[in-house]
Amino acid sequence: MGSRSTLAGKEVPIIGSDSVKWIELSVPSSTTAAAAAAVAGDSCSTTLGPPTKDCASCFVIGDPSTYLIWRIHKTQPHTLELMELCASKEFPGLGLRITFPDALCPFAFIWKSELIGTTRDPYLLYALTVSGVAYLLNIKNVSTYGSCSIFPRNEIIEYNVHSYSNHVAISAVTATAGCLVIGRTDGSVFCFQLGVVEQSAPGFVHELRDDSGIGRLWGFMSRKIFSHTMSIPTITGATYVRLWVGHPHHDSSIIPLAILYSDSSEFSSETIYIYNIQCTLGDKMILLMDPSVQNILLEEGGCIDVKLDSDKIWILKDDELLRRTFHTNVNGDEACSYALQEEFIADQLLQSSEHNSDDLLRITHSVFSSAKDHIVPFVSSIFLRRLLLPGVHHSTALRATMMEYNRHFAESEFQLFTADGLKKEILTLIEHEGGTEKMSKLYCWKNFCTRYFNNWCKNNSPCGLFVDSSVGSVGLIRKNSISLFRCLENIERIIEGSSDEVDELTGLVDLFDDVLEREILIEMLRCVINFSQQLGKSAYCIFYESLVNTLVGSPEDIIPGIVKVAKVMFESALDFLLFLRYLVDISGQIHLSHDDITRIQLELVPMIQDNIFEWLLVIFFSTTPSVPAAIEDFSSKLSSLQIDSRVGKRSWNEKLGRCDFTLAFILLLNIGSSSGNQSLHSSECLSNRHTIIDGVREFASWIIWGNAGESSSILSRSTDLALILFRNCQYDAAEYLLTIVEAHLRKEKTSQSIQDADGQWCILHHLLGCCFLAQLQCGLHKMLKEKKVHDAVRCFFRAASGKGSSDALQNLSHDAGLPLPAFAGSVSTAAWKLQYYQWAMQIFELYNISEGACQFALAALEQVDEALSEEDTHSNADSLNESVISMKGRLWANVFKFSLDLSHYYDAYCAIISNPDEESKYICLRRFIIVLYERGAIKILCSNQLPLIGLTEKVEQELAWKAERSDISSKPNLYKLLYAFAMHRHNWRLASSYMYLYSARLRNEAALKDDKCSLLILQERLNALSTATNALHLVRPAFAWIDPLVEGNSFRRQSFPSKKARRTAGEHSESDAQPQCWQSSIDLEKLENEFVLTSAEYLLSLANVKWTFSGIHRPPLDLVDLLVEKNLYDMAFTVILRFFKGSGLRRELERVFSALSLKCCPHKVDSPWAEMHGHLLTSSKGEVVVHGSPVTGPTTQQSDRNSNWASLELYLEKYRGFHARVPVIVAETLLRTDPQIELPLWLVQMFKEGQKERIWGMAGRESSPAALLRLYVKFGRYTEATNLLLEFIESFASLRPSDITKRKTPLVVWFPYTTIEQLYLQLEELISMGHMVDQCGKLKKLLRGALQSHLNLLKVDSNDVISASG
């Protein structure tokens, strides 16, 4: 019959059992297995089929105990999973997954191989397939199968058990060491000594059908147990389900027996009947049945497995584990219940009815009433933290849940996720599923957790129990994990139970001898429990999350246990705190006295707050996942753990960062090394229900108070724990620990009282600052990084300023993995701060954090004077062996360096001018200029942002020195900066000098560059010369000159601190190469001359002509020719006008116009004049070839001639004022080149316009009509000569009446009569020679007539003049 059960314990999962990596092995098929399968398929000779549900069991072998666990899943009936668990070792990360050719029966048996005389393989395994093939496998250590995929055939023995049964169906199977026992439906039992005796040898098979003993056994069983003659009540519809046989009692021969019956009526239920069989072995077997029968009614939940111990029965149900004791009053027996993990997970994931989502959101709203945007992240952190708790997190269930959201990961890939990686994946999934509304996000989280819980129950359902009677351990084998059971603490029984059960907890109330005090305690506990039930469970998760939200046993069975215990202790302490505050609030209603209120507020509340804080630490260490160590310092950190070789073999790389490897594991590894206490992780067997809770108590006590016999405050204990975390690279956890300690102590004490604690307050801030610095190496984003730097600076300043900081920090352990300051002896306060600030400066510099380093360098500067003055008064103190100037110079140099690293150029320059050490100052100044130049910020020197007073000349010298040694093409250009620097100070001459030096360097560089670069350099030279000229124009003409600068020597005349040795001007030998030297001052004229020549060089480069001038006083003779040859006429005339005067100018103009004229001639001939004037004309007949010009066709040549005529007209009109004879040169060149050429009208008109004023006839300047007439006659152009002469004679004869009087003036009229006579004689000569007789005759006649008329007119005018004078 059933009875009431009380909660006695809970399930504790073994960490890591849900993430075993399986080594896949397959048993090769054989003819025996194939034949048995064929026969079994034909005859259906088995009733013992594959498992209809997941089945598992455990075998305890050896001393110390080794637990061999096997599992067969109903979805994979061909596969058997095998794990080896040893309490003295960590949980194995590997297991064997053996696949057989056929489906397996729900059976396996494992024993040590030593029992059959072999030690080669540790274990032997029996297995049976449904087709009747028995297997014996030699199992080696798991690690030896790493490279295998097929089970070695020589380590397999197989046998078809149907060979002796005529294929009678198998109904049961069991085994013992070296003997496989098969039961059949006909009542026969066969024993096979498989692996012990050869299969063909006698004694291999033994049948128990005809054995007298077995016959009596079957008769007894049939008469007594399976009949209705006993006291078993007849149940309509009850059917036999399963039978379990226990081990005999140690002090008797009683064998417990349990039979499960199932009632298939309307209200289905299951009942277990327990019998005791007394077995006496002698000459014959005597079996006696105890007449008493104990029945256990299982009202709710189906039975999964039963284990019979010597005096207890363990019943695994769907929803709980029951423990009952034999030989007790059945009606008075109280069953003990153990809660399964499903209950804990449902509670943590807010799946139980006690958790209301409305309450969760309502309380969260009240907490964040002033920050509504924090509600959704806060709620998300609650669910996320609980999902990843040890015991809740299950990799298979989480992977299955994420697959439902279409987030697919391979199993191997999923196991590589760290805790942070899983958080990001889950948050991304929730963000994708939910909107921005708070209720929508809350619904997404609840839906996700519901799916996760369902997948957890589905993928981790219970399979079987295992009990180790020798130590009292009880374990549960689940589908994908393994767990143990533990007892409850009394406080857990109070919280988990009801208020009516409080007075039953004698363990608590017996602490008080006074009955009244005991009753008061019981009533108070009832009030607190009622208060807690009214508050609801949502408040606890919100309160805990609000404390930890600022953070972004063997150990495997102690850690999950401590999570549950610490959670209950934390919640109960919170209940008491809330209840006491509630009492204070209603003190007037319940008539509390003022003394009682004061006692509550000053004694009870602080005590409970301390208790809450202590259990908060325990929860934090037990639930917070560790973070992976950095690869580069992992080995060094591991070597400093000082742990024994057994623990040191753990694979830290794989465990750190996993959800199930929390900070508590790291602390556990330090318990033994710090105290020599190995009790927490040196057990030789699995923990039982009581040792688990003992380990939890010991570990929690160590976290809170440290080792036994040590007295330590919360502050000192927390710093010890923080050192452990820091040593193991858990910087975030160390920061959180120290932060909450500081906050907790500030609630209780003032800052002054805290600092009185032997410098522990300083150690706290020192460690906290080191944590912030270490976190900066983890790639934080900008805003968070700045905050960490600020916090680190704050902590180090507080550490240095606290009382007793010097002694406390110098006594820190050097094996803590911390960068510690090295101080010498006892020093004054100022000297201590000076040394500590310098140490902090170096640490920040080591971590490349210039901002913090700069602050501590400035702080150290403030302590220098006081520290050194105190050192002078203490002759026995010699820790500071440095002068004031030297120390200040070094510190100011550091300030300069850090400011420069931060690009704080103003602060860096102020550090330079503040430096009292002259040598250090100038070294910093040079570095300042170099860095500004490299960063492209050199222009700041000319922007009035820096106070250059006193250092102007030094800055200029450094810039000049840098410019002289820098690449001329680098950016920014230092010569331009020097120009701007001088212009900014209104030093025009110096500005012009720098730009001229720049142009000189460019000229030298151009010789080493290719044509494309040379062109750019020439353009830059033009700009430099133009800038230099413009700057010099700003100077008064009397001072418009610059000094003769010599590149390479101009800035070495003054000494200056340098890292490189310099030579003065006198140290240069005569062999020193000087690129260019000017022996006299350079004035505006020389600058302009060089500009003109550089312009010519630039234009020639554009025309692909390589030319370089060698001086600026006079250009080379070939320059003008090259310019004209490339049609660069403007530049050619500019050079001529710039460098030639007088006859030289006229000569060059004649040469240029002669060359221009030749380009206009369609047919060119040899010209003696051209040969006299250089290479403008070539010796070839009929053409002039321009060097480098392509060969062009007739159309192009015609177009070029038209352009040449236009150019000739343009430049002749523009420059004939400089030399009046140039039209004559042009006409003569054209006629000489082509005597038949027709002179253009504009050219003829120039001759006609060249007539002098107040003179009639053909007189005029050098380019007169007479000059044109002479050219016509000279080159045989008689027709043009005659027409020109007739034109002027007729013009003379047809003057206006007003001009007749002037015409009669003496010496007013002139004609070239000699040329006219020469023309007349040439015509006569041609006629006499018979050439063009008619044409020449006509011309002669016209000429004679015109001359006759002209002479007659002159005679008349002469007579008139004589008459007028008489």
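Heavy atoms only: backbone and side chains are in, while hydrogens, waters and symmetry mates are out.
Annotation: cation-pi pair R926/W961 present, NZ/CZ under 6.0 Å from the ring centroid and within 45° of its normal.
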Take F1218 and L1137 through the side chain to side chain contact (heavy atoms under 4.5 Å, CB included) test and state the conclusion after the steps. CA-CA 9 Å; F1218 291 94; L1137 295 178; 4.0 Å; yes
Using side chain to side chain contact (heavy atoms under 4.5 Å, CB included), reason through D1083 and I1042 one step at a time and then give a plain yes or no. CA-CA 6 Å; D1083 55 12; I1042 58 178; over 6 Å; no
In sequence, state the C-alpha distance, the side-chain angles, and the governing distance for E964 and R1001, and then conclude on salt bridge (Lys or Arg N to Asp or Glu O under 4.0 Å). CA-CA 9 Å; E964 182 182 347; R1001 282 202 60 186; over 6 Å; no
From CA spacing to verdict: side chain to side chain contact (heavy atoms under 4.5 Å, CB included), I968, N1004: CA-CA 10 Å; I968 198 66; N1004 296 333; over 6 Å; no
Run E1209 and K1214 through side chain to side chain contact (heavy atoms under 4.5 Å, CB included) and show every step you take. CA-CA 9 Å; E1209 180 184 6; K1214 186 175 182 180; over 6 Å; no
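Distance alone, capped at 3.5 Å, is enough to place a donor-acceptor pair between the S1263 side chain and the A1220 backbone. Formation of a donor-acceptor pair under 3.5 Å by the S992 side chain with backbone atoms of R989 is not found in this model. The backbone N or O of L1025 lies less than 3.5 Å from a partner atom in the side chain of T1029, making a donor-acceptor pair. Panel note: side chain S1154, backbone E1150; no donor-acceptor pair is recorded below 3.5 Å. When atom types are taken as modelled, the side chain of R1270 and the backbone of T1315 share no donor-acceptor pair closer than 3.5 angstrom.
Smallest separation of non-hydrogen atoms from A1281 and V1273: CB-CG2, 3.9 Å. Of all the heavy atoms in L1032 and W1041, the pair that sits closest is CD1-N, 3.7 Å. When all heavy atoms are compared, the tightest approach of I929 to V955 is CD1-O, 3.8 Å. Here the shortest heavy-atom pairing between N1204 and Y1129 reads OD1-OH, 4.0 Å. The minimum heavy-atom distance linking W1242 with L1212 is given by the pair CZ3-CD2, 3.6 Å. Contact detail for A960 and L978: the closest heavy-atom pair is CA-CD1, 3.7 Å.
Side-chain contact between F1139 and L1093 is present, with heavy atoms from C-beta onward closer than 4.5 Å. Within the 4.5 Å cutoff, the side chain of I930 has no heavy atoms near those of the Y933 side chain. Within the 4.5 Å cutoff, no side-chain heavy atoms of Q1318 are placed close to those of K1274. Using a 4.5 Å cut-off on side-chain heavy atoms (C-beta onward), E1280 and Y1278 make no contact. Side-chain contact between E1148 and V1135 is absent, with no heavy atoms from C-beta onward closer than 4.5 Å. Inter-residue side-chain proximity for R1138 and F1091 is flagged as unmet; no heavy-atom pair is nearer than 4.5 Å. The shortest side-chain heavy-atom distance between F981 and Y994 does not fall under the 4.5 Å cut-off. Taking 4.5 Å as the limit, some side-chain heavy atom of L1208 sits within range of a side-chain heavy atom of S1157.
Residues in residues 1021-1034 take part in these salt bridge (Lys or Arg N to Asp or Glu O under 4.0 Å) pairs, two or more places apart or across chains: R1021-E1097. The salt bridge (Lys or Arg N to Asp or Glu O under 4.0 Å) analysis of residues 974-988, with sequence neighbours excluded, yields the pairs E956-R985, K976-E1020.
Atoms CG and CG, on L1002 and L1018 in that order, are 9.0 Å from each other to the nearest 0.5 Å. Distance check, rounded to the nearest 0.5 Å: CG of L1239 to CG of L1268 gives 6.5 Å. The distance from the CG atom of L1319 to the OH atom of Y1272 is 12.5 Å, given to the nearest 0.5 Å. Taken from CG in L1210 to OG in S1203, the straight-line distance is 10.5 Å, to the nearest 0.5 Å. Taking CG from L990 and CE from M983, the interatomic distance works out to 11.0 Å, rounded to the nearest 0.5 Å. Taking NZ of K962 as the reference point, atom CG of L974 lies at 7.0 Å (rounded to 0.5 Å).
At a threshold of 4.0 Å, the pair E1090-R1003 counts as salt-bridged, since one of the basic side-chain nitrogens sits closer than that to a carboxylate oxygen.
Ring-centre distance between F1133 and F1153: below the 6.0 Å cut-off.
In L1241, the CG atom is not crowded: 12 or fewer heavy atoms of neighbouring residues, nucleotides or ligands sit closer than 6.0 Å. Other residues, nucleotides and ligands contribute only 12 or fewer heavy atoms inside 6.0 Å of the CD atom of E1238.
A parallel orientation is assigned to the rings of Y1211 and Y1215, their planes being inclined by less than 30° (bins at 30° and 60°).
With hydrogens and angles left out, the side-chain atoms of K1126 and N1104 include no donor and acceptor closer than 3.5 Å.
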